[in-house]
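All remarks here apply to the structure that follows.
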Amino acid sequence: MRSANYWKCDGWQPEPGGVYRLSFWAKSDGASSGSVTSGLNAANQDFPISSEWRRYTRVFVAPRSLDGVFLRVGYWMIKGKIMIDDVAV
């Protein structure tokens, strides 16, 4: 069975129109298909998952309207287990 989930960051809020770099480490532990998702819920980016620890980095611009916007890191349609570590903005 494939699943999707994310970790929501309630302790950080971007500035409207601010430019940010998000980075984290992730790896698959026997997972197949799917992707790692990251960024604001208003515009996330998906990355293919690797079986080795890999650093993922992306730069994004926060929308001008932040109603309901939050930062998240998670996975989409993964079958198996993944690990995520050292998330930084």
Side-chain angles (χ1 to χ4, degrees):
M1 183 169 141
R2 293 183 180 169
S3 64
N5 207 341
Y6 64 86
W7 295 269
K8 179 181 176 185
C9 179
D10 290 319
W12 181 82
Q13 186 69 31
E15 294 293 322
V19 179
Y20 298 93
R21 179 186 326 249
L22 171 66
S23 66
F24 58 94
W25 290 84
K27 79 171 237 167
S28 161
D29 185 12
S32 62
S33 69
S35 59
V36 177
T37 61
S38 66
L40 300 176
N41 63 315
N44 67 278
Q45 182 174 356
D46 296 347
F47 295 100
I49 190 70
S50 169
S51 61
E52 300 294 324
W53 281 108
R54 180 177 163 197
R55 183 173 186 224
Y56 296 86
T57 303
R58 64 169 298 202
V59 174
F60 63 91
V61 177
R64 299 212 184 277
S65 173
L66 297 175
D67 292 336
V69 171
F70 59 88
L71 181 67
R72 67 181 177 178
V73 175
Y75 54 91
W76 176 254
M77 300 306 289
I78 295 281
K79 183 177 181 179
K81 180 179 174 183
I82 66 163
M83 294 177 269
I84 298 173
D85 194 19
D86 200 24
V87 178
V89 178

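Position 1 is the first residue of the sequence; numbering continues from there.
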Rounding to 0.5 Å, atoms SG (C9) and CG (L22) come to a distance of 10.0 Å
To the nearest 0.5 Å, atom CZ of F24 lies from atom OH of Y56 at 7.0 Å
- Message: Assigning hydrophobic clusters by single linkage (Ile, Leu, Val, Met, Phe, Trp, Tyr; side-chain heavy-atom cutoff under 4.5 Å), is F47 placed with L40?
- Response: yes
Looking only at atom types and distance, does a side-chain atom of Y75 sit under 3.5 Å from a main-chain N or O of I49, one as donor and one as acceptor?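 Not a single qualifying donor-acceptor pair exists.
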Tell me every residue that passes side-chain hydrogen bond (donor to acceptor under 3.5 Å, both in side chains) with [X], counting only those two or more places apart in sequence or in another chain.
X: S33; value: R2
X: D46; value: N44
X: R54; value: none

Pairs in or reaching into residues 5-27: which pass side chain to side chain donor-acceptor pair (under 3.5 Å), with residues at least two apart or in two chains?
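Passing the test, one end in residues 5-27: S23-R55.
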Can I get a per-line list of side-chain donor-acceptor pairs under 3.5 Å for residues 57-71, giving both atom names and the distance, sequence neighbours left out?
{"from": "R58", "atom 1": "NE", "to": "Q45", "atom 2": "OE1", "distance (Å)": "3.3"}
{"from": "R58", "atom 1": "NH1", "to": "S38", "atom 2": "O", "distance (Å)": "2.8"}

Side chains of residues 81-89: which donor-acceptor pairs under 3.5 Å do they make with residues two or more places apart or in other chains?
none

